[in-house]
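Reviewing the structure listed below.
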Amino acid sequence: MIEVEFLASLIAASMRAGTPLLFATLGEIITERSGVLNLGLEGIMIMGAMTGFYVSLVTGNPWLGILIGGLAGLLLAIIHAFFTVTLKVDQAVTGLMLVLLGLGLTGFLGKDFVGTVAEYITPMEIPYLSDIPYLGTALFSHDPFVYLGIALVPVIWFIMNKTRYGMELFAVGENPEAADTMGIPVDRVRFIAVLIGGFLVGVAGAYLSLAYAKVWTEGLTAGRGWICLALVIFSGWTPHRAIFGAYLFGGLDVLSFKLQALGLGVSYHFMRMVPYVFTILVLLVGVIREKEKFGAPSALGKPYIREQKY
Amino acid sequence: MRRTILVAMVLALLLIGCAEEQKEAKPSPTPAEEKLKVAFVYVSPIGDAGWSYAHDLGRKFIEEHYPVETKYSEAVPEGPDAERVIREYAEQGYDIIFTTSFGYMDPTITVAKDFPNTVFMHCSGYKTAKNVGTYFGRMYQARYLSGLVAGSMTKTNKIGYVAAHPIPEVIRGINAFALGVKKVNPDAKVIVVWTGTWYDPAKEKEAAISLLDQGCDVIAQHQDSPGPQQAAEERGVYSIGYNSDMSKFAPNAHLTAPIWNWSVIYSYVVENVMAGTWKSEEIWWGIDKGVVDLAPFNKVVPEDVRKIVEQEKEKYLKGEVPEQYPFVGPIIDQNGNVVKAEGEAMTDEELLSMNFFVDNVVGEIPQK
């Protein structure tokens, strides 16, 4: 019985911890599918976290906080899109600039409301389902954003695979020159993709401060943005694998606590390493399988300049 | 042309003369007029209700009560950055520099060598010099008192403890807390989960949830974030905070908290420097001096529990027990070994190198 209880608790924790990772990973998948690499997730996420928290603190409305957090992410994404898509500046450099900008700006602007208490998004009980032994705890006692994250996976899959915009997204990510020849506005498709991605990453940050950690402090994201970049590779740039990766990483992150609470003698030093070892392995697999067309868009990281040999 | 140069030179000399005259005429400031310059270096943000917040309350206290001018730097990482910040304060002529984290020990010693006329006070370290003193509080005493509360309030006899790093200070706190629990409730167990962080609200909250999932109905912490308090509040169970009163994060759950009152030490150091009587020493004060205490009780804590806590606290205040109390035998470790026989107190050296758990603690001390 303790095994079932433990499993239910671990699944619940994995979903909680994995949700901010899922939103950000889905956002970055859309961005990278268009051929734009955004390394600035950490900066965008923390900007969403701070802005969302502040809005909730001032208005008392955490839902508005999540929305404005997403818009804050979108605002930083506009900067990224302007530099990388419009001005054709190096994507990696611009992304790193966003990380520094986000961390620095939130550290400065968010200083005055560290330690304050805002209104938060709380878990909801789903009638009847929440009462199912073990399964209720594991799957049906979360906050609405956990379920929104799950619902977003098929929605994004559908957009990417079954809509005109999705087809254009693939086209500009794989071969922008051919897409341009076919009359697809490469820059516009990429710009929109970066904005959608930025919005979702901002939402991930706001979720972190308003539903998961329920606190604002400098450096709240604690490297999660970088983890999401690895999860994009792990997912092979596909939404349905992203949910598995996000929950798996979320689970690995909390597994140590679960095992210790059971009184099992686990190596605390080793368990702290596990999520990051996993990240390195993911990147390694990505490199090894690159030849097998692991899923990375062919034009990823390369600015498209018309008439330039690609 | 020559006349112009001559006039200019005479005027210049007159101006210099006047300036020097003025400089000499200015009386040297009296101690009352000259403000002592005091700097503080913090390892985390000061708004977090945690470690640095408690230190900053001490800074504000001396600024209000003494003729001092204070300045601080927050969220300074331990390492090269710390040395740079400490050195900058010394170069700016600060009279006293308080470095408030264990990891600032070597940078403090290094900078102090170059500034022999500056007083450096390092918190929680063990290295001193002619112009470097150390200071800390016997937090285990307050943790023991909070253990009395936790042991009295648990119904499941499972108390969770979210702990940062397996260092003697944290281990000492866990054991003192567990001895408090044991005194009022011999059947209760204290279950420890290590996080490996001092301040990560999300992780620390998740660690607390893991303990709650195992049936713990009181959560204690040696962490700087309010994460464990929030977890307890959300689950409708009780919690014991740390560093400062964390009740705003968990108004229903938060029973009390072992808290720091650094103003006692900061006042002592400032007074000594002002009087010219400061000398390097290793300060390790407890409840009797007011450096550590308990935050106000939640209204749900029954009167009889409060009485037990007050009685135990009185023992410290009246000197009825040694400073090392509750580490007075019989003390038995997890393996059933007698660490201290009946009536025998542990020494400060033993406390400072503590590396075992007492018998009502569930969990392991990770070995390197």
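In the text below, chain A, chain B and the rest are named by the order of the sequence lines, each starting its count at 1. We use all heavy atoms of the structure for the numbers below, so side chains are in, but hydrogens, waters and symmetry mates are not.
Contacts between A:Ala222 and chain B at a heavy-atom distance below 4.5 Å involve the side chain alone, from C-beta outward. Of the two parts of B:Ile191, only the side chain, counted from C-beta on, holds a non-hydrogen atom closer than 4.5 Å to a non-hydrogen atom of chain A. Contacts between A:Tyr120 and chain B at a heavy-atom distance below 4.5 Å involve the side chain alone, from C-beta outward. Only the side chain of B:Glu74 comes within less than 4.5 Å of a heavy atom of chain A; its backbone N, CA, C and O stay farther away.
Contact check for A:Val215 versus B:Pro226: side-chain heavy atoms found under the 4.5 Å cut-off. For the pair B:Pro201/A:Leu220, a side-chain contact is recorded, criterion being any heavy-atom separation below 4.5 Å from C-beta on.
In this structure, the separation between CG on A:Leu10 and CG on B:Asp213 is 10.0 Å, given to the nearest 0.5 Å. To the nearest 0.5 Å, the span separating CD on B:Gln214 from NZ on A:Lys258 amounts to 8.0 Å. The OG atom of A:Ser256 sits 11.5 Å away from the CD atom of B:Glu206 when rounded to the nearest 0.5 Å. Considering CZ of B:Phe249 and OG1 of A:Thr116, their distance stands at 7.5 Å, rounded to 0.5 Å.
Nearest heavy atoms, B:Lys248 versus A:Gly115: NZ-O, 2.5 Å. In terms of heavy-atom proximity, A:Ala213 sits nearest to B:Gln230 at O-OE1, 3.2 Å. Smallest separation of non-hydrogen atoms from B:Pro45 and A:Thr217: CG-OG1, 3.8 Å. Closest approach of B:Lys203 to A:Phe257, counting heavy atoms only: O-CE1, 3.4 Å.
Within a 6.0 Å sphere centred on CD of A:Glu119, heavy atoms belonging to other residues, nucleotides or ligands number 12 at most.
No other option in B:Val192, B:Asp200, B:Val162, B:Ile209 has as many heavy-atom pairs under 4.5 Å with chain A as B:Ile209. Between chain A and the residues B:Ala75, B:Ala207, B:Gly160, the largest count of heavy-atom pairs under 4.5 Å involves B:Ala207.
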Stepwise side-chain contact (heavy atoms from CB on, under 4.5 Å) check, A:Tyr212 with B:Lys205:
CA-CA 9 Å; A:Tyr212 185 49; B:Lys205 186 178 179 184; over 6 Å; no
